[in-house]
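Below is one structure, written out as structure tokens; comments come after it.
Here is the naming used below: chain letters follow the sequence lines, and residue numbers restart at 1 for every chain.
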Protein chains: 2
Amino acid sequence: MQLTERITIKTFKKKELIHNADTICTKSYFIQKGLVRTYFLKDGKEVSEYFCAESEWINSPRSFTGQKLDIYYIDAIEDTDVFCLHVKDLVYLLENFPEMERYSRLSMGTVLEHLMNRITSLRFTTAKEKYEYFCNVYKEIYGRIPLGMVASYLGITQETLSRIRAKK
Amino acid sequence: MQLTERITIKTFKKKELIHNADTICTKSYFIQKGLVRTYFLKDGKEVSEYFCAESEWINSPRSFTGQKLDIYYIDAIEDTDVFCLHVKDLVYLLENFPEMERYSRLSMGTVLEHLMNRITSLRFTTAKEKYEYFCNVYKEIYGRIPLGMVASYLGITQETLSRIRAKK
DNA sequence: CAAAAATTTTGACTTATATCAAAAAAACTA
DNA sequence: TAGTTTTTTTGATATAAGTCAAAATTTTTG
């Protein structure tokens, strides 16, 4: 199997949906250029869950892994070019290349560590510290993300975030 | 290799340390009877990170996986009996039984899901809702955990938690 | 079982952040 | 580039939760 043959290229315009929560996520996207986020709806409002930029993989984790529906949408914050890998092809890789299984397990470890840090940040920090933590983790891209999206990611209001930023 | 030969049994008294943060975590513990928690120190105070009861595995995740130091201690909340699996023996299993690699990857998926839910809970809920979420997730054991530990797990103060509980 | 230690509750007060509303600024678009 | 839409900032007020202190209760231990 030629991996490159299985990979397709797509482009999305700013604000365009890459994945819709009313479908099962069958593809994982490698961002070649641009910026995307996952979000879900809470009380009719969009809550940002995660941001990804160049050279990162993104999908709707539980939907992609379990091939079931989940709440997350993925959209483009900027015009974005991606490579798409279909879940079937990933499964093929996992089944035929043992080192893929290991790679997959290890990269989950990285994600796990990221989530643990985020939990600590959410539990014990003020809004200001949350913002600083965010700038640190997403330092390459935080200037490219609209304020309201950052606020909902951090679980604080847009107004509070605006005030924090004003004091710098 | 006989797995049972590699497993040792240990017992810990209430409040006894199972794992000390100043050592590398070389064992994973399967709780046969009892209740344990991981915690770390913040400003000299213990902050509970995680609770585990009967039939669950516990270790200091980053320390065990990466064989490096990490901040977490593990202690017994009640008198506890455990089975110990040494990291060497786990590595042996992972290397010799491909299905172990898969099992490991899949159970990480479960942990990941748990962490995602916890993040959502931390971001958007009041102290009361956090407590209710906790009672739900830990319904088997929440009565056995001292209030102060629950509060630090939730990232709220003991006084607030006490007041919430009073209103029931 | 009594004394000591640890844990939980209650009270008074403070503070960080949310909420609601409107103005200002920036980004699109016809 | 003027007008419209979206995003960000600012202001006034409300509220959930924190802090500090002490009392009450529960658990442990000699």
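Residue B:Ile164 contributes atom CD1, which lies 15 Å from atom P of C:dT8 at whole-angstrom precision. Atoms NZ (B:Lys45) and P (C:dT7) sit 14 Å apart, rounded to a whole Å. Residue A:Glu78 contributes atom CD, which lies 16 Å from atom C1' of C:dC28 at whole-angstrom precision. The separation between B:Leu122 atom CG and D:dA17 atom C1' is 15 Å, rounded to whole Å. For the pair A:Arg144 CZ and D:dT7 C1', the computed distance is 19 Å after rounding to whole Å. When the C1' atom of C:dT9 is taken as reference, atom NZ of B:Lys167 falls 13 Å away, rounded to whole Å. If you take NZ of B:Lys128 and C1' of D:dA16, they are 13 Å apart, rounded to a whole angstrom. If you take CG of A:Leu147 and C1' of C:dA27, they are 15 Å apart, rounded to a whole angstrom.
Using a 3.5 Å distance cut-off with no hydrogens or angles, the side chains of B:Ser63 and B:Asp70 do not pair a donor with an acceptor.
With respect to the salt-bridge test (charged N to carboxylate O, under 4.0 angstrom), the residues B:Arg123 and A:Glu49 qualify.
Using a 30° and 60° split on the angle between ring planes, B:Phe30 and B:Phe83 fall in the parallel class, below 30°. Note on ring orientation: taking the six-membered ring where Trp is involved, the planes of A:Tyr138 and A:His114 are perpendicular (angle over 60°, cut-offs 30° and 60°).
Legend: salt bridge (Lys or Arg N to Asp or Glu O under 4.0 Å) pairs involving residues 21-37 of chain A, not counting sequence neighbours, sorted by first then second residue: A:Arg37-A:Glu46, A:Arg37-A:Asp75.
Between B:Lys14 and D:dT28, a side-chain N or O to OP1/OP2 separation shorter than 4.0 Å is present.
One donor-acceptor pair, N or O on each side, does fall under 3.5 Å between the base of D:dG11 and the side chain of A:Arg163.
Side-chain atoms of B:Phe51 and B:Val36, non-hydrogen and from C-beta on, never get closer than 4.5 Å to each other.
A heavy atom lying under 4.0 Å from DNA chain D marks the following residues of residues 153-162 of chain B, by number: B:Gly155, B:Ile156, B:Thr157, B:Glu159, B:Thr160.
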